[in-house]
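Presented below is the structure to which this report refers.
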Amino acid sequence: MGNSALKAHLETAQKTGVFQLTGKGLTEFPEDLQKLTSNLRTIDLSNNKIELLPPLIGKFSILKSLVLNNNKLTALPEELCKLKKLETLHLNGNHLRQLPAAFGQLSALKTLSLSGNQLRTVPTQLCGLRHLDVVDLSKNQIQNVPDTVGELQAIELNLNQNQISQISVQISHCPRLKVLRLEENCLELSMLPQSILSDSQISLLAVEGNLFEIKKLRELEGYDKYMERFTATKKKFA
């Protein structure tokens, strides 16, 4: 892409607060964006070939939305965690194995999408995020859901298409969790904590495509309590 085209994009972004440059084969984060650290509220660089996010990402002090789907990121810089206004972070289809240690400092984060990466566990850093609504960890390599998950503040947790065979009973203690998606994993029925049904806030549990028949779920103790929540929620949205 020529310099004049990039310049035009930058001029528009300066006025609108939005910089969007998708599917252009970019191999690196456009360095010229650092001129706009105090202007940009949205950056979308999806469908490129970016391998590294530079430390300067931490300087975008008013950034609310960062979208880098389908790039080649293998790691995220610690500086990313300085974005105190960031509400939406989409990193689907990269090669991430873990999140930065300070990720819990992204205190405004509401939506986090990490589908199609190489995570092996539910990152404990997510438990510090108080405003998190939706977490998408589908299509990773997660094998178990650890005890720390009980502190997760999310309303929806998507763990579809992982390799989960174990789930901590603590998941039923999540204070705001309403939607839990566990489709296409490796769960035996005996490994699904019954407290999810009998003693949680969860009103939509999606477990198709595991190692048990769905009708067996209906025989579990607490299923009727779950159905009460499910029906009440459905009525609310009807």
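Counting begins at 1 with the first residue of the sequence.
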- Answer whether the closest heavy-atom distance between the side chains of T74 and Q118 falls below 4.5 Å. no

- Message: Could you check whether atom CD of Q34 has more than 12 heavy atoms from other residues, nucleotides or ligands sitting under 6.0 Å from it?
- Response: yes

- Taking atom types as modelled and ignoring hydrogens, do the side chains of N162 and N140 form a donor-acceptor contact shorter than 3.5 angstrom? no

- Tightest non-hydrogen contact, residues S107 and K84, listed as OG-CD, 4.0 Å

N/O donor to acceptor pairs below 3.5 angstrom from side-chain atoms of residues 48-63, sequence neighbours left out:
from : atom 1 : to  : atom 2 : distance (Å)
N48  : OD1    : K24 : N      : 2.9
N48  : OD1    : G25 : N      : 3.0
N48  : OD1    : L26 : N      : 3.0
N48  : ND2    : L21 : O      : 3.0
N48  : ND2    : L45 : O      : 3.0
N48  : ND2    : S46 : O      : 3.2

- Item | Expected output: side-chain E78 to main-chain A102 donor-acceptor under 3.5 Å | yes

- Message: Quick check: closest heavy atoms across L129 and L106, and the distance to 0.1 Å?
- Response: CD2-O, 3.1 Å

- Message: Could you tell me if the side chain of L89 sits less than 4.5 Å from the side chain of L80, heavy atoms only?
- Response: yes

- Exam field: side chain Q201 to backbone C174, donor-acceptor pair closer than 3.5 Å: no

- Minimal heavy-atom distance between N69 and N92, with the atoms involved, is OD1-N, 2.9 Å

- Cluster overlap L220 with L187, hydrophobic side-chain contacts below 4.5 Å: yes

- Using atom types as modelled and distance alone, determine if a side-chain donor or acceptor of N144 lies under 3.5 Å from a backbone N or O of I167. no

- Task: Determine whether more than 12 heavy atoms belonging to other residues, nucleotides or ligands lie under 6.0 Å from atom CD of Q98.
- Result: no

- Would you please test S115 and S138 for side chain to side chain donor-acceptor pair (under 3.5 Å) and show each step? CA-CA 5 Å; S115 181; S138 61; 2.8 Å; yes

- Query: Is N39 reaching over with its side chain to a backbone N or O of G17, donor-acceptor style, under 3.5 angstrom?
  - Reply: no

- Does NZ in K178 sit with more than 12 non-hydrogen atoms of other residues, nucleotides or ligands closer than 6.0 Å? yes

- Task: Grab the two heavy atoms, one from S203 and one from F230, that are nearest each other, plus how far apart they are.
- Result: O-CD1, 3.1 Å

- Query: Given side chains that start at C-beta, do those of L10 and L33 come closer than 4.5 Å, heavy atoms only?
  - Reply: yes

- Message: Are more than 12 heavy atoms, taken from residues, nucleotides or ligands other than E208, located less than 6.0 Å from that residue's CD atom?
- Response: yes

- Task: Quick one: do L217 and L192 satisfy side-chain contact (heavy atoms from CB on, under 4.5 Å)? Show the steps, please.
- Result: CA-CA 9 Å; L217 185 67; L192 191 70; 3.6 Å; yes

- How far apart are the C-alpha atoms of L68 and L73, what are their side-chain angles, what is the distance that settles it, and do they pass the side-chain contact (heavy atoms from CB on, under 4.5 Å) test? CA-CA 9 Å; L68 289 157; L73 298 170; 4.1 Å; yes

- Looking only at heavy atoms, which two atoms of C81 and P100 are closest? And how far apart? SG-CB, 3.7 Å

- Query: Can a donor-acceptor pair be found between the side chains of D147 and S168 at a distance below 3.5 Å?
  - Reply: yes

- I171, V179, L182 screened by side-chain contact (heavy atoms from CB on, under 4.5 Å) with L157, the one that passes: I171

- Message: Just checking E219: does its CD atom have more than 12 heavy atoms from other residues, nucleotides or ligands closer to it than 6.0 angstrom?
- Response: yes

- Item | Residues in side-chain contact (heavy atoms from CB on, under 4.5 Å) contact with R176, at least two apart in sequence or another chain | D133, Q153, I155

- Message: Using 0.5 Å steps for rounding, measure from the CD atom of Q166 to the CD atom of Q143.
- Response: 9.5 Å

- Query: With the threshold set at 4.0 Å, does a side-chain nitrogen-carboxylate oxygen contact exist between E183 and R181?
  - Reply: no

- Message: Under a 3.5 Å distance rule, please check whether N158 uses its side chain to pair with a backbone N or O of N160 as donor and acceptor.
- Response: yes

- Query: To the nearest 0.5 Å, what is the distance between CG (L132) and OG1 (T111)?
  - Reply: 7.5 Å

- Item | Same apolar cluster: V122 and L205, side chain cutoff 4.5 Å | yes

- Task: Would you indicate whether R229, at its atom CZ, is surrounded by more than 12 heavy atoms from other residues, nucleotides or ligands within a distance under 6.0 Å?
- Result: yes

- Minimal heavy-atom distance between L126 and L112, with the atoms involved, is CD2-CD2, 3.4 Å

- Check for a donor-acceptor pair, side chain of D44 on one end and backbone N or O of T22 on the other, with a separation under 3.5 Å. no

- Message: Can you confirm whether F29 sits close enough to I43 that some side-chain heavy atom of one is under 4.5 Å from a side-chain heavy atom of the other?
- Response: yes

- Do L99 and L114 come within less than 4.5 Å of each other through their side chains, counting heavy atoms only? yes

- Do the side chain of N185 and the main chain of I142 share a donor and acceptor less than 3.5 angstrom apart? no

- Taking atom types as modelled, find out whether S172 and D199 have a side-chain donor-acceptor pair closer than 3.5 angstrom. no

